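Just below is one structure, and these are the notes that go with it.
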Amino acid sequence: MTLATLIDGKSIAADLSRRTAAAAEDLRKSLGRAPGLAAIFVGGDPASALYVRNKDRAAAAAGLLPSTRHLPADIAENDLLAEIERLNRDEGTDGILVQLPLPPHIDRETVINAIDPEKDVDGLHPLNVGRLWSGQKGLVPATPQGCLRLLRAVHDDLSGLEAVVLGRSNLVGKPAAALLLAADCTVTTAHSKSEGAKEICRRADILVVAVGRPRLVGADWIKPGASVIDVGINRIVSPEGQRQILGDVDHSPARAVAGAITPVPGGVGPMTIACLIANTIIAACRRSGLPDPRF
Ligand code: GUN
């Protein structure tokens, strides 16, 4: 039995990080300052805290100037909007990220819509969403951008391939579908209300799974030889009491059927922060009238 090729997100992200670090250094010389990435973190969700800490560390290592503003969980929406406005106006801030999820009393859309679209390194502002779907230059969400970079490591050309995205979130599923469509795939989005999701997935040459359900996708959901991108990062405690990180795909049996597959951890995860840093550098270049770097 041949096992699927493992798509090594760690090494692909490390390669991207080397290139973004070189671009950040060039920018620092031409701007006289490091590109600035500002995060706003409301409350104390532990998974978000870990992400924000890792992002700050990676951004500093890449030569960016990271800053994270920690705000209390009971902050008034207007005070959060005022903080975003301050960052919108701040010359030294090139990228702004509001960590999600937000507490329930804060309206997520109002907050996202308040971010300057040219600094929206998460690519969630409706202007960037519209640009993505209409093929215009904008800022592309980091995780699905990472998925496409991983696919390009094993496919020279995605044109004409049957792609299925399982999951329809604004952060991953929807932009992943847009990117695959822009790469000339035939794209289907399946989700929790889809009838026959397994059969839909089994048609896919390219399967991107982003549902947040540990091991939902078994080997019998996968077309032999397909490329499988597992976006899930599910932290669970095993019956033996061990902490584990599982993907949305049941990895070992799936690897016996797929042609190429990402591991969890070490697949999509490392790409997200590397792509966020790339977005910050792109935003900094555009804000200062420089051409886009080619990463
Ligand atoms: N929460 C989980 N993933 C993300 C992300 O990529 N960006 C933001 N802002 N929040 C998140």
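Atoms within each ligand, like the ligands themselves, are counted from 1 in listed order. Just so we're clear, the structure is a prediction, and the values are computed from it rather than from any experiment.
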Options L97, I273, L100, ranked by nearest heavy atom to atom 10 (N) of ligand 1, top entry: L100

message: As a check for students: among V52, L171, D122, identify the option with a heavy atom nearest to atom 9 (N) of ligand 1.
response: D122

Nearest protein heavy atom with distance in Å, relative to atom 11 (C) of ligand 1: Q99 NE2, 3.4 Å

Salt-bridge present ([X], [Y]; N to O < 4.0 Å):
X    : Y    : result
E118 : R286 : no
R19  : D15  : yes
D94  : R33  : yes

message: If you measure every N or O of T143 against every N or O of ligand 1, does any of those distances drop under 3.5 Å?
response: no

query: Does a donor on one side chain sit under 3.5 Å from an acceptor on the other, for N279 and Q145?
result: yes

